[in-house]
S.K.: 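Please read through the structure below; I'll follow up with questions.
Any value given below was found using the heavy atoms of this structure, including those in side chains, with hydrogens, waters and symmetry copies removed.
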Amino acid sequence: MPCFFFTGDSTYRIAIEVRRWKQEFSEKYCAEELYDIVDLRDRSLSDLLDIVAPMPCFAPKRLVLFRGIPPLEKEDIQEVCAQCHPATVLLIIDPKPDKRLSRTKAIIACCTVKVFDPLTDAE
């Protein structure tokens, strides 16, 4: 299951990269709305599993975006990553996560992490 975690101080660069992912995903699979943006407030483990576990219906792949790290325990985070359907790409976006929390450490362990540093003067 492909899982990616975007973090870093440059929210602008994160937004540009997320927009690029959505656009390329839509172009590649010939559909406009093959991605879900999930609001994590008041979501339980079963809610998140219901989002990531089903097989995509209208295309070979589906993109699911979590804004922020799910407010779950470490074991529950690992369960979400493990139960995610192989055709679902999970993208977790949190510019400034609390790296002391076990759930953040679980996300870093199970996802490919991409850090977006602030733009330099030359950029």
S.K.: So, using side-chain contact (heavy atoms from CB on, under 4.5 Å) as the criterion, who are the partners of K114 when residues are at least two apart?
M.R.: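 With sequence neighbours excluded, K114 shows a side-chain contact (heavy atoms from CB on, under 4.5 Å) to F6, E17, F116, given in chain and number order.
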S.K.: Please name the pair of heavy atoms, one in L90 and one in C84, separated by the smallest distance, quoted to 0.1 Å.
M.R.: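 Closest pair (atom of L90, atom of C84, distance): CB-SG, 4.4 Å.
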S.K.: Does any N or O in the side chain of D47 come within less than 3.5 Å of the main-chain N or O of S44, such that one atom is a donor and the other an acceptor?
M.R.: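 Judged by distance alone, yes, a pair lies under 3.5 Å.
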S.K.: Name all residues meeting the side-chain contact (heavy atoms from CB on, under 4.5 Å) criterion together with L45; count only those two or more places apart in sequence or in a different chain, and write none if there are none.
M.R.: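 With neighbours one apart ignored, the set is L49, L72, D76, E79, V80.
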S.K.: Of all heavy-atom pairs between R13 and P118, which one has the smallest distance, and what is that distance?
M.R.: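 Minimum heavy-atom separation between R13 and P118: NH1-O, 3.9 Å.
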S.K.: Where is the tightest heavy-atom contact between S102 and K74, given as atom of each residue plus distance?
M.R.: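 What the structure gives for the nearest pair is OG-CB, 3.8 Å.
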S.K.: For the residue pair L48 and P70, what are the closest heavy atoms and their distance?
M.R.: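 Taking every non-hydrogen atom into account, CD1-CB, 3.6 Å.
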S.K.: If you round to the nearest 0.5 Å, how far is NE2 of H85 from NZ of K61?
M.R.: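 One gets 9.5 Å once the value is rounded to the nearest 0.5 Å.
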S.K.: P2 versus T112: any side-chain heavy-atom pair under 4.5 Å?
M.R.: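 No. Closest side-chain heavy atoms not under 4.5 Å.
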S.K.: As a test of understanding, state which of I92, L40, V38, I93 forms a side chain to side chain contact (heavy atoms under 4.5 Å, CB included) with R67.
M.R.: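 The side chain to side chain contact (heavy atoms under 4.5 Å, CB included) with R67 is passed solely by I93 among I92, L40, V38, I93.
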S.K.: Which distance, rounded to the nearest 0.5 Å, do you find between the CG of D94 and the NZ of K99?
M.R.: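 Answer for the CG-NZ pair, D94 versus K99, is 10.0 Å.
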S.K.: How long is the span from the SG atom in C3 to the CD1 atom in I107, to the nearest 0.5 Å?
M.R.: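 That separation rounds to 6.0 Å.
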S.K.: Look up atom CG in D98 and atom NZ in K105, then write down how far apart they are to the nearest 0.5 Å.
M.R.: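 Going from the CG atom of D98 to the NZ atom of K105 covers 9.5 Å.
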S.K.: If you compare all heavy atoms of A106 against all heavy atoms of Q78, which two are closest, and at what distance to 0.1 Å?
M.R.: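 Scanning both residues, the minimum pair turns out to be CB-CG, 4.4 Å.
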S.K.: Taking only residues two or more places apart in sequence or in another chain, which ones pass side-chain contact (heavy atoms from CB on, under 4.5 Å) with V113?
M.R.: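 Once residues adjacent in sequence are excluded, the partners of V113 under the side-chain contact (heavy atoms from CB on, under 4.5 Å) criterion are F5, T7, I108, V115.
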S.K.: Who pairs with E75 by salt bridge (Lys or Arg N to Asp or Glu O under 4.0 Å), at least two apart in sequence or on another chain?
M.R.: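 None.
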S.K.: For a 4.5 angstrom cut-off between non-hydrogen side-chain atoms, does L91 reach F25?
M.R.: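 No, too far: nothing below the 4.5 Å cut-off.
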S.K.: If I take atom CD1 from residue I69 and atom SG from residue C111, how far apart are they, to the nearest 0.5 angstrom?
M.R.: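 I69 atom CD1 to C111 atom SG measures 9.0 Å (nearest 0.5 Å).
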S.K.: For T11, check side-chain hydrogen bond (donor to acceptor under 3.5 Å, both in side chains) against everything at least two apart and list the hits.
M.R.: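 Residues passing side-chain hydrogen bond (donor to acceptor under 3.5 Å, both in side chains) with T11: none at all.
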S.K.: Under the side-chain hydrogen bond (donor to acceptor under 3.5 Å, both in side chains) test, which residues partner D9, sequence neighbours left out?
M.R.: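 Counting only residues at least two positions away or on another chain, D9 forms no side-chain hydrogen bond (donor to acceptor under 3.5 Å, both in side chains).
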S.K.: Kindly check if the number of other-residue, nucleotide or ligand heavy atoms within 6.0 Å of CZ (R100) is above 12?
M.R.: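 Check fails, neighbour count at 12 or below.
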S.K.: What's the spacing between Q23 CD and R19 CZ if we round to 0.5 Å?
M.R.: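 With rounding to 0.5 Å, CD (Q23) is 8.5 Å from CZ (R19).
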S.K.: With a 4.5 Å cut-off on side-chain heavy atoms, are L65 and W21 touching?
M.R.: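 No, their side chains stay 4.5 Å or more apart.
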